[in-house]
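Remarks on the structure that follows.
Letters go in sequence order (proteins before strands), and every chain restarts at 1.
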Number of protein chains: 2
Amino acid sequence: MNSDPRASARRRATGRVTLADVAQAAGVSPITVSRALRGERAVDPELVERVRAAATRLGYVPDPAARALASQRGTHVAVLIPLLSNTLFVDLIEALQHTLRPAGYQALIGITHYNPSEEEQLLREQLMHRPAGLIVTGRSHSPAAQALIDASGVPCVHVMETIDAPGVHSVGFSQKAAGAAVVRHLIERGRRRIAFAGAQLDARTLQRLEGWREALGEAGLHDARLEWLNPAPSSMALGARLLEQILAMKPAVDAIFFCNDDLAQGALLAAQRLRLAVPKRLAIVGFNDLTGSDQMVPALTTVRTPRGEIGQRAAQMLLTLMRGGTPPERCVDVGFELVVRESS
Amino acid sequence: MNSDPRASARRRATGRVTLADVAQAAGVSPITVSRALRGERAVDPELVERVRAAATRLGYVPDPAARALASQRGTHVAVLIPLLSNTLFVDLIEALQHTLRPAGYQALIGITHYNPSEEEQLLREQLMHRPAGLIVTGRSHSPAAQALIDASGVPCVHVMETIDAPGVHSVGFSQKAAGAAVVRHLIERGRRRIAFAGAQLDARTLQRLEGWREALGEAGLHDARLEWLNPAPSSMALGARLLEQILAMKPAVDAIFFCNDDLAQGALLAAQRLRLAVPKRLAIVGFNDLTGSDQMVPALTTVRTPRGEIGQRAAQMLLTLMRGGTPPERCVDVGFELVVRESS
DNA sequence: CTGAAAGCGCTTACAG
DNA sequence: CTGAAAGCGCTTACAG
């Protein structure tokens, strides 16, 4: 409560207000200030109050670099996603930041482009910066990447898929079950020749394919020639091309399940150019319920994937892990929702 | 050149290889290692070689936190953009990272949602982390934000617009000229009642509007009732709604310039539902050449904005600034390109 | 061109 | 529940 500025806030050469300044102003030791401000360990409530007041009065702002150096742990969370051009991941990022920022963590975004070696390289870079936590899309691609994560000891949550393995934390949904749900819906509507059109062929696409296979198999409708797999990146243009290829099949298909909405949107537009009646002659279903799918003509049937909820719950789980706690569940399934519109 | 591991790399408690270890192995002082590795100041080439070799041999990795603490400057660049859901900014981010990462900088992305107070809040947070540099979309919205930037002394480059003001660095193009170019194209094609449909109403949208006004004014075709401005976020659904509203006008319009491609795409789909002949009865032009615009039926005429080049050149300019240099130009104009397709 | 000293601002054990 | 000491790993002036 000293009002002499020289005594209450003796500044360093940098002009910055430090922990020591706050300690002096509050009449306690620096370490007590540190503990009081972080809420770590038990500190006399009255002291906490005094410290808080002094910190506010002096305009104290902790230095993340000093904290990181002393604690050997940064204040940011590294987030590895395949792409930013799929709005799926944009929604995920927004949700993550929404939960992480108020807790004092910055998200550092790394884009892997679905490339295992880029993922590994990014992981190496990010880990060098000692992140407090890690969010990774799906299972790591290369064993080397997984080894890096394990060796780092940095808490990690995998998102988008449910991964039920010891020591692995994940938030997502069953991509396979979602794929199967699409097929069952189409069968219910009387479709018999249901093609699967996949691009990129990343792990999750293949899991949806697995669901497609299983559901068709159970109905006795599976035919391997109905699998159209293209490793090129997913895009509207590719969807248009896939549609044309699949239409050339004999016997004709009566439905196509595209592994992502952008493909399905492109196919819908191509169908228009070809004057192909959707859903009358051909049903089209997408995946992810991306922007614009509800605007298409006809509106696209798809699977709504709760990436907002995934981001939020993954962030919460990571927060628990970073504080040294144990999350209630190691593998959280947030489910999915089939959105039936006009195209099926 | 000591091969005794104990002597050549005496580890700290953390097990980390430090500058001191490298110094000892190379037989020089730590500060010389620091300088040799950073390429700062003149160091005897032979020593540099020895230091490099020792660092490689020991697997030395600099600690960003320690560097940040000692130098009072972080190793990351804060990037402020309005949204990630407009792929425009995704392309920008990718280009920025592509140039920044090899130079050893990490991009920290802040999303302002076109909200000045969020921008200010983010700026405050980011600045607290002492970024090495700053990338901001357009002119800062609030004077307070600009003041924060100026006071911080952190090098800053503004992107997307050309801002020709003293002390301001920018890379972009003239949004106004681009808006005018669209209008001139439509006039050339014989259109006379050309509406402007804008959403979000951010600074750059208003600059395009300015170009629209000017070009129409010069042709004696301006009519204030042709301005349709909606502050809601840009989306396909809003584009559809705007189209319907504008179609109700009397006398009828014969062209609409949408300030962003997603609006135009939505309008194109709505036109299909309404069985409105585009471009015969109505020309539609968008802006930014986003994903899918070339796939629309009819394909969308738009303005291709070189965000990849903007990102790359802005990063280079910032790199120069961060190294204490002076970029050759303070305001770089990368231009734009009218892409005439089928909808106009 | 090179180095010894001091310091950046915080936190981690270790005591009490 | 609180604190004195040491240290995290680097860089900034200041000398020479």
Side-chain angles (χ1 to χ4, degrees), chain A residues 9-51 55 58-75 104 128-130 132 322-324, chain B residues 9-51 55 58-75 104 128-130 132 322-324:
Chain A
R10 192 168 46 84
R11 304 289 163 90
R12 305 281 174 109
T14 57
R16 202 182 166 90
V17 179
T18 69
L19 249 198
D21 299 323
V22 178
Q24 193 176 330
V28 296
S29 74
I31 182 59
T32 299
V33 175
S34 170
R35 292 202 270 245
L37 259 26
R38 277 179 303 148
E40 183 236 28
R41 284 168 70 167
V43 175
D44 187 319
E46 196 209 323
L47 282 191
V48 172
E49 209 22 74
R50 231 158 75 202
V51 167
L58 300 183
Y60 170 67
V61 175
D63 183 328
R67 176 173 287 178
L69 180 58
S71 69
Q72 301 283 47
R73 184 127 295 184
T75 121
M128 171 192 313
H129 286 256
R130 307 176 171 292
M322 293 189 298
R323 286 166 186 148
Chain B
R10 194 168 45 84
R11 303 291 164 87
R12 305 279 175 109
T14 56
R16 203 182 165 91
V17 178
T18 69
L19 249 198
D21 299 323
V22 178
Q24 193 177 330
V28 295
S29 75
I31 182 60
T32 299
V33 174
S34 170
R35 292 203 270 248
L37 259 26
R38 277 179 302 148
E40 184 236 28
R41 284 168 71 169
V43 175
D44 188 320
E46 198 208 322
L47 282 191
V48 172
E49 209 21 74
R50 233 160 72 202
V51 167
L58 300 183
Y60 170 67
V61 176
D63 183 328
R67 177 173 286 177
L69 179 57
S71 69
Q72 301 283 43
R73 182 127 296 185
T75 123
M128 171 193 311
H129 286 257
R130 308 176 170 292
M322 292 189 298
R323 287 167 185 147

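Here B:T18 does not reach the OP1 or OP2 of D:dG9: none of its side-chain N or O atoms lies under 4.0 Å away. A sub-4.0 Å separation between OP1 or OP2 of C:dG7 and a side-chain N or O of B:Q72 is absent. Regarding contacts with the backbone of C:dT2, every side-chain N or O of B:R35 stays at 4.0 angstrom or more from both OP1 and OP2. Listed pair B:S34 / D:dC10 fails the phosphate criterion, with no side-chain N or O lying under 4.0 Å from OP1 or OP2. Between A:T32 and D:dT2 there is no side-chain polar atom (N or O) within less than 4.0 angstrom of OP1 or OP2. Checking the phosphate oxygens (OP1, OP2) of D:dT11, no side-chain nitrogen or oxygen of B:S71 falls inside 4.0 Å.
Rounding to the nearest 0.5 Å places CG of A:L19 at 10.5 Å from OG1 of A:T32. Atom CZ of B:R35 sits about 4.5 Å away from atom CD1 of B:I31, to the nearest 0.5 Å.
For the pair B:L19 CG and C:dG3 C1', the computed distance is 14 Å after rounding to whole Å. The distance from atom NE2 of B:H129 to atom P of C:dC8 is 21 Å, rounded to the nearest whole Å. A straight line from CZ of B:R38 to C1' of D:dC10 spans 9 Å, rounded to a whole angstrom. Rounded to a whole Å, the CZ atom of A:R67 is 21 Å from the P atom of D:dC10. Spacing between atom CD of A:E46 and atom C1' of D:dT2 amounts to 14 Å, rounded to whole angstrom units. Between the CZ atom of B:R73 and the C1' atom of C:dG7 there is a distance of 18 Å, rounded to whole Å. If you take CG of A:L47 and C1' of D:dC1, they are 9 Å apart, rounded to a whole angstrom. As a whole-Å value, the separation of B:D63 CG from C:dC10 P is 17 Å.
Remark: the backbone N or O of A:G74 is not paired with any side-chain donor or acceptor of A:R130 at under 3.5 angstrom. Within the 3.5 Å criterion, the main-chain N or O of A:V61 finds a donor-acceptor partner in the side chain of A:R16. A:R50 places a side-chain N or O within donor-acceptor distance of the main-chain N or O of A:A26, the cut-off being under 3.5 Å.
Comparing D:dT2, D:dC10, D:dC8 against the side chain of B:A66 picks out D:dC10 as the nearest. Nearest to the side chain of B:R16, among C:dA4, D:dG9, C:dT11, sits D:dG9. Looking at the side chain of A:I31, the nearest of the listed nucleotides C:dT2, D:dG3, C:dC8 is D:dG3.
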Using a 3.5 Å limit on both pairing distances, list the dot-bracket string of DNA chain D from the 5' end; Watson-Crick and G-U wobble pairs count, crossing pairs take [ ], interstrand pairs take |.
|||.||||||||.|||
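Shown here for B:L69 and A:A65, the closest heavy-atom pair between the two residues is N-CB, 3.8 Å. Among all heavy-atom pairs drawn from B:P64 and A:H129, the shortest one is CG-ND1, 3.5 Å.
Map B:P30 and B:L69 each onto its nearest nucleotide of DNA chain C; the residue landing nearer the 5' end is B:P30.
Side-chain contact between A:D21 and A:T18 is present, with heavy atoms from C-beta onward closer than 4.5 Å.
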